[in-house]
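In this text, all values refer to a predicted model and were calculated from it rather than measured experimentally. The figures that follow rest on heavy atoms only: side chains count, while hydrogens, waters and symmetry mates do not. For ligands, and for the atoms within them, numbers begin at 1 and follow the listed sequence.
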Amino acid sequence: MRKTFMGLLLASGGVGMAWAAGGAAVTTSMLEGASKNTAAVLSFGMGSEGQRYSPLAQINTANVGRLTPAWSFSFGGEKQRGQESQPLIHNGKMFVTASYSRIFAVDLKNGAKLWKYEHRLPDGIMPCCDVVNRGAALFDNLVIFGTLDAQLVALDQDTGKIVWKEKVDDYAAGYSMTAAPLIAKGLLLTGVSGGEFGIVGRVEARNPRTGELVWSRPMVEGHMGHKYDKDGNAIDNGITGTPNKSWPGDLWKTGGASTWMGGTYDPATGLAYFGTGNPAPWNSHLRPGDNLYSSSTVALDVTTGQIKWSYQNTPNDAWDFDGANEFVTFDMDGKRYGGKADRNGFFYVNDATTGKLQNAFPYVKKITWATGIDLQTGRPKYTADGRPGDPTKGEEGKKGKTVFAAPAFLGAKNQMPMAYSPQTKLFYVPANEWGMDIWNEPISYKKGGAYLGAGFTIRPLFDDYIGALRAVDPKTGKIAWEVKNTAPLWGGVMTTAGGLVFYGTPEGYLKALDAKSGKELWKFQTGSGVVAPPVTWQDGGVQYVAVVSGWGGAVPLWGGEVAKKVNFLEQGGSVWVFKLMK
Ligand code: CA
């Protein structure tokens, strides 16, 4: 069935355009073919697999120098801050979220505003890392997004009117939502943010038409999963793992493992993949053990919410190496794998069906906490003194021993999504080179309070650059090329059949590089820092590229010495659309 549908799409570029023109409701089969539909951008990741690859080649290495603005749209308002959103394109409209839980529908023809929804936020919201939002999901006639006070809002695509709204959890306990929701097999899958406040990470499935819960799967070992009957009553659906097997005492009750970046879904395996954040608190001496399923990739059966496999990137994480990064599925040697550029500095390749580790290698220059990943056991080879010291040993008064660790906790890669090109067979990874002084302190859980037990200062490693866009070969572990950037990279990447790689910089540029060589072919100054991923689509025979501009995110808030280096960058909030000059 799926093959026939894809075949049709490949045979005629007009099929996708017919959807766009006809205003058809977004269906499950459309979403499963989204990565091939060049007339729309129906999901985060430009297809739920997250490859961010477009088969479009009208804009290519020969002509990208003629790329020029078609229109720009301002998010307006006094409130700007970080704009990390990926726009969606469907039925003549762009749907784009903005800081402070706003969403706009914009006319694709000319950039005119069609409607705006501004979520009313309470005073006490607790987003850890700026008031960002990364995008929405489309299903049927709805556009659905998560808010900073941990609600889900579904709006009518044509009018912007609320169709349903559901509270996911208690913002006063530290829950929030910043990721784009994922639609898989007709279910709405969402995670939660809040790993710095001792929340319990989970994945929930809902009916996207109504918001009703279908199942819930906690990501901390020991918690009960649930499914829901027609009246919304919770029915036990199996404990996640074995209580107290990988967590001591009661710490699993506030164990973190937030699913703050959302997930990917591969129709080829039928599995959804969610990365999980740090175990809470950061002070690892309080929780000896692996602390499952924190800092892991977790593969879920979409229908039942059962864990099919998990792979832990950083067992007993002591550095806030959230394993929340996207797991991007791809074909290699006739098999289906997933690639993940983990915050901890290693790039992992796992079998997408079984989770078995196929390859793991560094994609940044300095990693202090481990010397490598054992491909037989799948476990890191920890360095002896890489972990911040135990505060109960009192080497520095109430503090434990300070260590210099790399990568810094903001990660070798953070929220900015990478891209994969089936054309070059390379991943394009927005990496950062930085380290941190980190120490542990005593801490106890208090609802709504920061639950770290750690202090830190981030420092650059090199004088001339922090960011580096790297072309990574998942098979050999080799870096094919790199392009350095003075400021830390914080926007995502897109690659196209035109042989191009697009990415943004905090310095304000959207750039296009040759995907084979990394040679810069084009750049445009957007007026504020770019910390969001670009998209592309075709309408009326013309290929367009869009990116959101607006500096912010975690770096200015948490970047320590690095934040001081980039404090001259100006905030903003707009979306830019480009096409080739005639
Ligand atoms: Ca974290």
Side-chain angles (χ1 to χ4, degrees), residues 82 84 125-132 134 148 150 169 173-179 191-203 218-220 247 251-252 254-263 274-284 286-287 290-298 312-326 340-345 369 387-388 405-416 432 434-436 438-441 443 445 448-458 488 490 553-560 562:
E84 296 182 352
I125 54 167
M126 287 190 282
C128 76
C129 307
D130 204 1
V131 287
V132 297
R134 300 194 184 86
L148 292 165
D169 217 309
Y175 286 89
S176 61
M177 294 179 86
T178 53
V192 288
S193 307
E196 272 55 59
F197 303 99
I199 63 124
V200 173
R202 65 178 187 265
V203 178
M219 291 288 112
V220 178
W247 288 88
L251 268 89
W252 59 280
T254 50
S258 66
T259 40
W260 62 270
M261 275 186 58
F274 278 74
T276 57
N278 61 283
W282 288 16
N283 178 354
S284 67
L286 292 170
R287 42 174 174 73
D290 281 354
N291 315 135
L292 294 176
Y293 293 84
S294 64
S295 299
S296 300
T297 302
V298 180
Q312 194 168 37
N313 303 95
T314 317
N316 194 228
D317 176 14
W319 306 268
D320 189 34
F321 286 153
D322 288 35
N325 295 102
E326 68 281 12
K340 176 175 171 180
D342 198 275
R343 245 161 90 157
N344 70 19
W369 67 279
R387 190 177 290 269
F409 71 91
L410 288 179
K413 188 174 92 58
N414 199 285
Q415 57 84 28
M416 54 287 196
N432 288 315
W434 45 20
M436 62 182 168
I438 181 168
W439 60 89
N440 285 152
E441 298 163 350
I443 182 77
Y445 175 79
Y451 188 45
L452 302 185
F456 45 80
T457 304
I458 289 189
W490 209 256
V555 176
L557 299 172
W558 297 109
V562 170

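Seen from the Ca ion (ligand 1), atom OD1 on D320 and atom OD2 on D322 lie at an angle near 110° (rounded to 10 degrees).
The nearest N/O/S atom of E196 to the Ca ion (ligand 1) is OE2.
Checked options W439, F409, W369; the residue passing with W319 is W369 (criterion: ring pair (Phe, Tyr, Trp, His ring centres under 6.0 Å)).
Here CG of N432 is found 11.5 Å from CZ of R343. Values are rounded to the nearest 0.5 Å. Remark: D317 CG to N344 CG distance equals 8.5 Å, nearest 0.5 Å.
None of the N, O or S atoms belonging to S258 lies under 3.0 Å away from the Ca ion (ligand 1).
In this structure, S296 contributes its side chain and S294 its backbone to a donor-acceptor pair below 3.5 Å.
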